[in-house]
Chemist: 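My structure is below; once you've seen it, I'll send some questions.
The chain is numbered in sequence order, starting from 1.
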Amino acid sequence: MIRAETMFAFAVADNLVEEFQDFQLASKDELPCLDLNVEIFWSKMSDLKLAFGSSKRFPNLCNLAKACLVLPVSKAEVERIFSSVSYTHL
């Protein structure tokens, strides 16, 4: 039996694929300027609405992009914390 959480994850994944395909097929006139700062670009992308309603056009794609933008570029800070903890417990 498939759990509700799994079904929801599949639905979000399907929507994400559809949004990404829509993004790829969109003309440059439909999207924010690509010369913008990456945070500003995705902020403007999250404001885009569907042509036939008030629903957001790329909600899942924007959420994924924003989640990726907050990931650390390096794991050095985390390694420093673990190093300091291991030295205090030795």
Side-chain angles (χ1 to χ4, degrees):
M1 175 177 264
I2 297 177
R3 294 174 50 186
E5 296 87 13
T6 305
M7 290 174 48
F8 178 73
F10 285 135
V12 170
D14 287 344
N15 290 340
L16 183 60
V17 169
E18 289 175 13
E19 288 176 23
F20 183 67
Q21 290 171 343
D22 183 19
F23 172 73
Q24 289 181 311
L25 296 173
S27 69
K28 290 182 180 180
D29 297 335
E30 296 177 83
L31 302 175
C33 178
L34 293 174
D35 294 336
L36 295 171
N37 176 307
V38 68
E39 291 94 358
I40 295 171
F41 174 81
W42 284 107
S43 176
K44 290 186 181 286
M45 282 287 293
S46 67
D47 293 337
L48 293 177
K49 306 282 187 203
L50 291 171
F52 53 86
S54 62
S55 298
K56 293 190 176 203
R57 185 171 177 184
F58 303 108
N60 297 303
L61 187 60
C62 291
N63 286 338
L64 176 64
K66 289 176 182 179
C68 291
L69 289 172
V70 298
L71 293 174
V73 178
S74 168
K75 60 182 183 176
E77 182 64 29
V78 174
E79 289 180 3
R80 255 186 247 114
I81 292 170
F82 280 113
S83 295
S84 66
V85 170
S86 66
Y87 288 135
T88 59
H89 291 291
L90 288 177

Chemist: Go through the structure and list residues passing salt bridge (Lys or Arg N to Asp or Glu O under 4.0 Å) with Glu30, not counting sequence neighbours.
Modeler: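 By the salt bridge (Lys or Arg N to Asp or Glu O under 4.0 Å) rule, Glu30 matches Arg57.
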
Chemist: Show me the side-chain donor-acceptor pairs of residues 42-54 shorter than 3.5 Å, one per line, residues at least two apart or across chains.
Modeler:
| from | atom 1 | to | atom 2 | distance (Å) |
| --- | --- | --- | --- | --- |
| Ser46 | OG | Ser43 | O | 2.7 |
| Ser46 | OG | Lys66 | NZ | 3.4 |

Chemist: Would you name the heavy atoms of Phe58 and Leu31 that are closest together and state the gap between them?
Modeler: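 Distance-wise, the nearest heavy atoms are CE1-CD2, 4.1 Å.
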
Chemist: Could you go through the side chain to side chain contact (heavy atoms under 4.5 Å, CB included) check for Phe20 and Asn60 one step at a time?
Modeler: CA-CA 9 Å; Phe20 183 67; Asn60 297 303; over 6 Å; no

Chemist: Main chain of Glu18, side chain of Asp22: is a donor-acceptor contact present, judged purely on distance under 3.5 Å?
Modeler: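 Answer holds: no.
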
Chemist: If hydrophobic clusters are built by linking Ile, Leu, Val, Met, Phe, Trp and Tyr wherever their side-chain heavy atoms come under 4.5 Å apart, do Leu16 and Leu25 end up in the same one?
Modeler: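 Not linked; separate clusters.
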
